[in-house]
2 protein chains.
Amino acid sequence: MAAMGALLKFGALLLAAVAACVAWEDGDVWDYDGHKLKDSDFLALWPLPQKVQSSAVSFQLSASRFQFTHAEGSSAGSDCSILQNAFRRYFDYIFGFTKKDRDQRRRNAAGSEVLELQVAITSPDAECDGFPSLTSDESYELSVDQPSAVLKAPKVWGALRGLETFSQLVYEDAYGARNINKTGVSDFPRFAHRGVLLDSSRHYLPLKVILANLEAMAMNKYNVFHWHISDDQSFPYVSRMFPDLSQKGSYHPYTHVYTPADVKMVIEFARMRGIRVIAEFDTPGHTQSWGFGQKDLLTPCYTGSSPSGTYGPVNPILNTTYDFMAGFFKEISTVFPDAYVHLGGDEVDFSCWKSNPDIQKFMDQQGFGKDYSKLESFYIQRLLDIVSSTDKGYMVWQEVFDNGVKLKMDTLIHVWKGNEAQYQAEMARVTGAGYRTLLSTPWYLNRISYGQDWRDAYKADPCNFTGTDAQKKLVIGGEACLWGEYVDASNLTPRLWPRASAVAERLWSDQGVRDISDAYVRLVQHRCRMVERGIPAEPLFTGYCRHEYSGV
Amino acid sequence: MAAMGALLKFGALLLAAVAACVAWEDGDVWDYDGHKLKDSDFLALWPLPQKVQSSAVSFQLSASRFQFTHAEGSSAGSDCSILQNAFRRYFDYIFGFTKKDRDQRRRNAAGSEVLELQVAITSPDAECDGFPSLTSDESYELSVDQPSAVLKAPKVWGALRGLETFSQLVYEDAYGARNINKTGVSDFPRFAHRGVLLDSSRHYLPLKVILANLEAMAMNKYNVFHWHISDDQSFPYVSRMFPDLSQKGSYHPYTHVYTPADVKMVIEFARMRGIRVIAEFDTPGHTQSWGFGQKDLLTPCYTGSSPSGTYGPVNPILNTTYDFMAGFFKEISTVFPDAYVHLGGDEVDFSCWKSNPDIQKFMDQQGFGKDYSKLESFYIQRLLDIVSSTDKGYMVWQEVFDNGVKLKMDTLIHVWKGNEAQYQAEMARVTGAGYRTLLSTPWYLNRISYGQDWRDAYKADPCNFTGTDAQKKLVIGGEACLWGEYVDASNLTPRLWPRASAVAERLWSDQGVRDISDAYVRLVQHRCRMVERGIPAEPLFTGYCRHEYSGV
């Protein structure tokens, strides 16, 4: 460390106002003598901040003396539960369970010690009691010096990101003492929407697993939990208005459901970490489980001229369907505070609709001919109108756009299909039509293969498509998806982490941060840090962590 | 259950003396009316026993009254620690933590209750204080009736397998009461060697993880833990005679080593479950970590005419090498009680040997020309002589056979290379030369892919090669291998289970047990049973267990 010298990373910061996909100056890192440095010369920062100035000057941190404080003039004080909660969390991360230092009575002889991190929220409204949103300001500036380090952020959301960075800068010296180097960081996310999708329908995920993953998301500066809560297999969401949905449609009505209190807990736990919770209630396909608790909601399939006893997608020709949806999404709009709800709309199988004579008659009346995608659009259109009336924005899977449904311009189109060329073409089409979009195709982390497949996730970039600057500005980010067919509490966390960390850096850091061998060095350390913090993230390759996972 | 009627599975038992690979009568299951039944009509027995007679007659089991007892005339009594230990384990598995039943005072009105399982060890030497071996008798007969069930086995090893089967027959009725049906089971393993390889060198595996996996192995009737304890990456085995090997060659000399006490604990924990511990100390390749603690053991590599500072395989031309090996394997022969030690011998890279002028001179002296496999054989030959002098048998990877090393006829050749056609040809060659062999190629479970890859493992069969009956008799079994490059405590257990269960059934059950959809139904239940017993086995597909895993 002593020989490292002072580092300066620049380029990105000057262009903070430019959209994430627009190319800018080289984001490489240089020392004061003009030598190009690798990102891993920094401590194991993950995702890499936009700008870091480091130096070899190190300070100590004492568990018995160090404090997080609210800076004078900060718009947040000790009544700001988000910050107070984060202070406790990061104190634990930094000092572990060794609250009592041996050096409690004597100061470091050298006297170089960071005694506090002053947190200053600089805008008048810190948003301590708010929810994070697509437009939340997550920027921060961190200056580590003695005796006081200073973290400045316009809002608490940036302060949360800065606290994570601060904790990542702390390292143990050979004697186990906590050290931190004189450092300056200016940071902000490249993309506003950085999400992880978990699927609680294919397998029920105990609350413990969801909370642990929110914890891990915060360590990776993710800010959206996309909760794919229902699907064909089960409906675990306990609706106050339609309790039969989970009573009859969950794997078990008491042990495999999310009660209103559970949902509240997830949302608040996420809010404390600057993470939005966007619920997805996917319709009209992927709804088999809804049918058990809501009569006539699904389309009866026919064999010849009589009902076969099986059911297809939501029945789009009955008024009762829309009455139900209006009631249901009104509830959802109050339960989930986020401004967006994800309405799904993917993979609608037309075979059941085709078999049903009432549907056929309706198709004729509407003049849809044999084009069932028109019927799908008919349904989605009415659903969007219903959801709009609850003052929510919506996200939809790409098929809704592909099928030509008329969408409000604030709709977010979620791209998930195809190979690289296909998803890039889709990103071009969606943004060409003026819609904002986010990418998931290369980040279906449920798909596994032998070896270091995090590299592929790391290499993908949501801006790699042919389009104008104006189009690129419409890319709001992406999501790592862990569909639930083959994961549950037994294997979810190590399968997701640190593979989702690769996506996290792609979505947070400068577009120019792409050196895979440098990323490897930092990610190995970041993974060990997650393990040390209790997240059983799997190893990237051979080796060991000083603190190994102690579970089974 | 009531409509199931009495079932009878036959065929296999009559041919118990015939080697596992030789085809025999159809092992299908029939009821008394001649209807063919699926295996899954039995309870979730895994691996499926050779012969099961079931009936709809059910009995209750009460936690407050049920006992395991030593049958009159059994050669094992309450001083048999293997059985006493197993009784406690299976009592817990069967009754969970609800030791006190509500029905403690009143008997079931119907009076049909199994009050005890009498365990009778029928041969004069129960082997209570012995170690399991390649020739251990693991057969057992189980008769479940009221008021007493009876488990007969020649040795404790069969009793352990029978206790597992007994515990698998117990099910909960709708009221949570424990039930078991009138059942007869005659069972024995198809193969004598049914192993799991874990690699504690690429990543150190905490003792807890090894013990948990021994526990899971017993649930699947595995009987060999192949401990690939050292490799290039680290040498965690603490040698009494050569302590520097781990002191300098482990990831950390205190936190990432197996002490003599640790090794003893693993061996005893395994013995209690009828599992052999076969240690592998792989040489002459895969030995980088040995070089740190044993001077001159590895071959110095050269660049041109001077040493490059790097090292290759074990140096086969120095007498000190063989002195070391003699001392080392003498220790190993006393530390590991099993009659076999695995000597490795795979993947020797000749480039370093080729670069070294002393090696070249030695090659000339020996008349090896440029054939470095002759040098490899020279080394292996001397190593085998050393190990033979310790009265141990040895297992080797297939290369040792492929390179024409002269082997004792009791050598076990471990096949691991190639595609299906290639490993089948190798099995034919090895057995054609009269050697016993075991298969691992299709069971490299470290290799993962998306979806239900347990099916491929399940479909493979070690007897599928062209050869005579005499050759087939030389197949002693196989091993599921979980190489450690990408697994450690964070993800090992769910990655291995229940995929290794598929291999377990292939190695235990009748060759005719191959119905994949039937296996699916039973394996789903078996996996949930493992989860309930504390093993985080991953899910096969969508769905749920009544008792979900509660970890993260």
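In the text below, chain A, chain B and the rest are named by the order of the sequence lines, each starting its count at 1.
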Between B:Asn491, B:Ile535, B:Val531, the one whose heavy-atom pairs under 4.5 Å with chain A are most numerous: B:Asn491
Chain B heavy atoms under 4.5 Å from A:Asn446: which part of the residue, side chain, backbone, both or neither? both
Which portion of A:Ile448 sits near chain B, non-hydrogen atoms under 4.5 angstrom: both
On a heavy-atom basis, which atom in B:Ser490 and which in A:Tyr549 lie closest, and how many Å separate them? CA-CD2, 3.6 Å
Counting neighbours of OH on B:Tyr311 that are heavy atoms of other residues, nucleotides or ligands and sit closer than 6.0 Å, is the number greater than 12? no
Give me the ring orientation class for A:His256 and B:Tyr544: parallel if the planes are under 30° apart, tilted from 30 to 60°, perpendicular past 60°. perpendicular
Do you know which of B:Cys545, B:Pro206, B:Gly543, B:Ala537 has the most heavy-atom pairs under 4.5 Å to chain A? B:Gly543
Determine the minimum heavy-atom distance between B:Lys208 and A:Ser550, stating which atoms define it. NZ-O, 2.6 Å
Separation of A:Glu538 CD from B:Leu492 CG (nearest 0.5 Å): 11.5 Å
By number, which residues in residues 450-460 of chain B have some heavy atom less than 4.5 Å away from chain A? B:Tyr450, B:Gly451, B:Gln452
If I measure from the heavy atoms of chain B, does A:Pro539 come under 4.5 Å with its side chain, its backbone, both, or neither? both
Segment of A:Glu485 engaging chain B (4.5 angstrom heavy-atom cut-off): both
Okay, A:Leu540 and chain B: the region with an atom under 4.5 Å from a heavy atom over there is backbone
Could you check which of B:Ser449, B:Gly484, B:Ser234, B:Gly534 has the highest count of heavy-atom pairs closer than 4.5 Å to chain A? B:Ser449
In short, A:Arg527 meets B:Asp488 closest at the heavy-atom pair NH2-OD2, 2.7 Å
Which atoms of A:Gln233 approach chain B - backbone, side chain, both or neither, heavy atom under 4.5 Å: side chain
Rounded to the nearest 0.5 Å, how far does CZ of B:Arg546 lie from OG1 of A:Thr255? 10.0 Å
